[in-house]
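Inspection log for the structure reproduced underneath, given as structure tokens.
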Amino acid sequence: MNTFIKLANTWIKNLGTYEPGRPIEEVARDLGFRNVNEISKLASNENALGPSPKAMNAMCKAVSGMHRYPDGNAYYLKKAIAAKLNIKAEQLLPANGSNEIIELLGHTFLGPGTGIVMADRAFVVYKLVAATFHANVISVPMKDYTHDLPAMLAAIKPETRIVFIANPNNPTSTMVDEKTLDRFMEKVPAHVVVCLDEAYIELLTVSKQPDTLKYIRQDKNVILMRTFSKTYGLAGLRIGYAIAPEACIRLLNQVRQPFNVNAMALAGAEAALKDDKYVERTQKAVKEGIQYFEQEFRRLSLSYVPAVVNFILVDVKNGRNVFEKMMREGIIVRPMDGYGLPCHIRITVGTKQENKKCIKALEKVLSR
Ligand SMILES: Cc1ncc(COP(=O)(O)O)c(C=O)c1O
């Protein structure tokens with residue numbers, strides 16, 4: 001008989017695990033679909049247009065070099081991001097998805113006796129990572145499904161090390177504006193690191209994107225997290241990056257694995273950055289998709305949270321039940337009971353066809 005449970009750190013034993021969107025192949029196996037093409041996954045806020053074509057080309061070319069280790073310093077990718085954002089390469093840290101950055105923040109800043117502040121309906125990985133490092137989690141109620149920054153400020157304790165703000169936030173698809181962020185940043189105490197998770201920022205048109213790079217220029221205790229998983233359609237590749245003052249990036253470099261980003265991801269991400277046309281097509285598809293869903297929810301008298309990016313929360317009374325039934329119709333959405341929203345499901349914008357199929361399935365399920 002093994003004794004793993006006895007040997008594990010006490011605080012690890014009862015940790016929850018992340019419940020991801022269900023993979024298409026798994027649903028096909030479980031529910032007996034013969035063809036995976038009968039199933040649409042609108043569950044993980046991925047880009048329905050497929051990967052950036054420029055990224056695909058670059059990755060095909062990179063295949064013949066896969067016997068080599070990647071450049072552990074990600075020289076060319078950092079140079080390309082730095083040039084695009086007008087920052088220094090030394091202010092960047094590429095990682096295996098922005099999820100890895102959250103973990104690196106845990107290694108660097110969290111431990112027993114420390115804590116984080118987050119919103120109660122913000123991205124769940126923050127609290128899972130905090131729990132892994134035995135840090136305390138303060139969850140601050142949202143206001144109108146939006147981060148309540150004054151309340152989050154008031155919740156900061158002497159032991160707080162990180163405040164996480166997802167902007168735009170998943171799963172609510174809401175955001176706080178630049179002025180509200182500025183007011184928060186002016187007052188946040190010096191013993192706290194502010195992590196602004198901007199996984200969806202490039203889905204907003206430039207005029208709607210808060211200028212958060214200025215906090216880096218002002219050398220504040222701030223870390224921005226961005227990803228190639230959403231706007232650039234490269235979720236399967238696992239690549240994101242942190243932007244922070246150099247002193248912070250040096251610390252994060254000390255705790256990361258030597259080759260935390262693979263060579264295919266470096267090639268794909270660098271090319272994707274140049275694909276402005278693809279980003280424009282994505283923004284347009286998202287805008288039209290959200291307009292369509294909102295109009296259909298009004299027709300069906302369903303209440304929803306107005307969405308700013310490529311997913312939307314809608315109240316269907318019994319979210320898990322509707323999720324299960326929609327899956328049988330070939331549509332995978334996301335139940336929200338894990339976020340304390342048992343009435344809601346979250347739907348990601350798909351292709352036009354998928355969006356229509358989704359509404360048809362929802363209508364059928366709700367009318368039963
Ligand atoms: C707000 C937010 N942050 C981070 C992530 C993680 O993204 P990545 O694929 O870069 O790890 C997600 C993914 O759903 C997200 O919604």
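Counting convention: from 1, in listed order, for ligands and their atoms alike. This is a predicted model, so every value here is computed, not measured.
Ligand 1 places these atoms under 4.0 Å from at least one heavy atom of S229: 8 (P), 9 (O), 10 (O). Interface of A199 with ligand 1, defined as ligand atoms under 4.0 Å from a residue heavy atom, comprises 2 (C), 3 (N). The atoms of ligand 1 that sit less than 4.0 Å from any heavy atom of R238 are 8 (P), 9 (O), 11 (O). Listed by number with element, the atoms of ligand 1 under 4.0 angstrom from any heavy atom of G97 are 10 (O), 11 (O).
Residue contacts with ligand 1, taken as heavy atom pairs separated by less than 4.0 Å, involve K230 solely via side-chain atoms from C-beta onward. Residue-level proximity to ligand 1 for S98 is carried by backbone and side chain together, each with a heavy atom below 4.0 angstrom. No part of F228 comes within 4.0 Å of ligand 1, judged by heavy-atom distances.
In this structure, F259 and Y69 have parallel ring planes: the angle between them is below the 30° cut-off, well short of the 60° mark. Between Y241 and F228, the ring planes lie tilted relative to each other; the angle falls in the 30° to 60° range.
Under a 4.0 Å N-O distance rule, the pair E25/R29 does not qualify as a salt bridge. We find that D276 and K84 are joined by a salt bridge, their nearest charged nitrogen and carboxylate oxygen being less than 4.0 Å apart.
With rounding to the nearest 0.5 angstrom, the NZ atom of K230 is 7.0 Å from the CD atom of E46.
Here's the thing with N170: one of its N/O atoms is less than 3.5 angstrom from an N/O atom of ligand 1.
Residue contacts with ligand 1 do not include E100, since none of its heavy atoms lies under 4.0 Å from the ligand.
Among all non-hydrogen protein atoms, the one lying nearest atom 3 (N) of ligand 1 is D197 OD2, 2.6 Å. Nearest protein heavy-atom contact of atom 12 (C) of ligand 1 is F123 CZ, 3.4 Å.
A cation-pi arrangement is not found for R121 relative to Y339, the charged atom failing to lie both closer than 6.0 Å to the ring centre and inside a 45° cone about the ring normal.
Within 6.0 Å of the OH atom in Y18, the count of heavy atoms belonging to other residues, nucleotides or ligands exceeds 12.
Side-chain atoms of K41 and S44 include a donor-acceptor pair closer than 3.5 Å.
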